[in-house]
There are 2 protein chains.
Amino acid sequence: MNADIAEALRARGHRVTRARRAVWQALEDAAGHLTVEQLASRVRQHEPGVNTASVYRSLTLFSEFDLVRESRLGDDEAGRWELAHPDEHFHVVCEQCGEVDHHVGDLVEQVRDHLANGHGFRTVTVELTVTGRCERCA
Amino acid sequence: MNADIAEALRARGHRVTRARRAVWQALEDAAGHLTVEQLASRVRQHEPGVNTASVYRSLTLFSEFDLVRESRLGDDEAGRWELAHPDEHFHVVCEQCGEVDHHVGDLVEQVRDHLANGHGFRTVTVELTVTGRCERCA
DNA sequence: TTTCATGCAAATTCTTTGCAAGTTA
DNA sequence: TAACTTGCAAAGAATTTGCATGAAA
């Protein structure tokens with residue numbers, strides 16, 4: 001819902017504002033990858049007058065808590081944002097129709113293990129993006 | 001060397017120019033991930049007067065032949081470029097010291113197989129980036 | 001010579017920031 | 001009320017583009 005973000009904010013001494021709540025809500029509703037512009041436009045449907053700069057500021061703040069994540073998919077020049085789901089997943093992008101799918105699997109786990117055991121590297125994030133042709137566009 | 005890029009250009013009806021050769025050379029010498037600005041500065045050491053815009057244009061052209069590849073590593077805002085090595089590899093970025101390592105492994109192959117068999121997805125590129133702490137910065 | 005590529009500067013796009021005014025605790 | 005956030009506009013950074021000149025075929 002909306003309770004968790006309020007809590008998360010308060011817990012770290014930040015204020016719970018209309019703008020921040022609306023940004024969070026929009027991310028939850030979308031459950032996908034949105035550019036800041038797309039996000040801002042959805043935010044304004046619920047909370048008119050929210051400025052794009054505030055969306056950026058909210059996202060920056062949330063990302064400090066690891067609640068959201070930015071990724072650059074395909075050859076897009078704008079960053080895209082999504083909720084930082086706790087389950088590891090990777091992105092599959094069709095270069096024809098632009099659709100982005102999430103795939104959950106143990107591949108990400110494997111990478112983490114591989115690096116920890118062999119190379120002394122402490123993995124924080126794994127970003128795996130696959131581009132190609134989806135079934136429909138093949 | 002420098003022969004392959006000349007050939008690749010001619011084969012597609014593009015001209016072999018000083019700027020393009022210098023960009024290619026710089027990418028070969030670096031064998032790493034360079035921002036356009038870094039690349040431009042190295043290019044000018046061999047070929048003074050080459051404009052940054054031309055570096056962008058060369059990279060765009062090369063990427064149409066799949067000879068180079070752009071990747072956004074870490075939370076960097078600028079794109080980084082490298083030669084598109086035929087061998088599959090992934091990037092390991094230390095968020096402390098910023099160092100970027102290449103790891104060659106069969107993980108990328110696994111992803112490709114997984115998607116082809118189960119989901120009818122024809123993979124074109126796999127981009128796998130891991131961020132965390134390297135051994136020295138742990 | 002004819003066509004393509006470059007340099008330069010201006011234009012775009014994405015993102016960040018300064019500051020006065022509005023909100024939250 | 002006091003401190004934090006926002007909106008707005010301007011500033012920045014990265015990348016692209018128009019166009020006249022210069023270089024390659």
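All heavy atoms count here, side chains included; hydrogens, waters and symmetry mates do not. In what follows, every chain begins at residue 1, and chains take the letters A, B, ... in the order their sequences are listed.
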Problem set entry | CH2-CG distance between A/Trp24 and A/Asp29, expressed to the nearest 0.5 angstrom |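 Those atoms lie 12.0 Å apart.
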Would you kindly give the [atom1]-to-[atom2] distance between [X] and [N], to the nearest whole Å?
| X | N | atom1 | atom2 | value |
| --- | --- | --- | --- | --- |
| B/Leu61 | C/dC4 | CG | C1' | 12 Å |
| A/Leu39 | C/dT15 | CG | P | 12 Å |
| B/Arg57 | D/dT15 | CZ | P | 15 Å |
| B/Arg15 | D/dG22 | CZ | P | 16 Å |
| B/Arg18 | D/dA25 | CZ | P | 12 Å |
| B/Arg44 | C/dG7 | CZ | C1' | 11 Å |

Shortest side-chain distance from [X], nucleotide among [options]:
| X | options | value |
| --- | --- | --- |
| B/Ser54 | C/dA25, C/dT6, C/dT15 | C/dT6 |
| B/Asn51 | C/dT3, C/dG7, D/dT15 | C/dG7 |
| A/Arg20 | C/dA5, C/dT24, D/dT5 | D/dT5 |
| A/Ala53 | C/dA25, D/dC8, C/dA5 | D/dC8 |
| A/His14 | D/dA14, D/dT5, C/dT16 | D/dT5 |

For this session: Check each of B/Asp4, B/Thr17, B/Val16 against B/Leu9 using the side-chain contact (heavy atoms from CB on, under 4.5 Å) test, and report the only one that passes.
Result: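 Per the side-chain contact (heavy atoms from CB on, under 4.5 Å) rule, the option paired with B/Leu9 is B/Val16, out of B/Asp4, B/Thr17, B/Val16.
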Exercise. If you count the non-hydrogen atoms of other residues, nucleotides and ligands that lie under 6.0 Å from CZ in A/Arg12, is the total more than 12?
Worked result: yes
Exercise. If each of A/Trp81 and B/Ser58 is mapped to the nucleotide of DNA chain C with the nearest heavy atom, which maps nearer the 5' terminus, i.e. the 5' end?
Worked result: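 Nearest nucleotide further toward 5': that of B/Ser58.
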If you look only at distance, which donor and acceptor atoms sit under 3.5 Å apart when one is on a side chain in residues 56-67 of chain A and the other is two or more places apart or in another chain?
| from | atom 1 | to | atom 2 | distance (Å) |
| --- | --- | --- | --- | --- |
| A/Ser58 | OG | A/Ser54 | O | 2.9 |
| A/Thr60 | OG1 | A/Tyr56 | O | 2.9 |
| A/Ser63 | OG | A/Leu59 | O | 3.3 |
| A/Ser63 | OG | A/Thr60 | O | 2.8 |

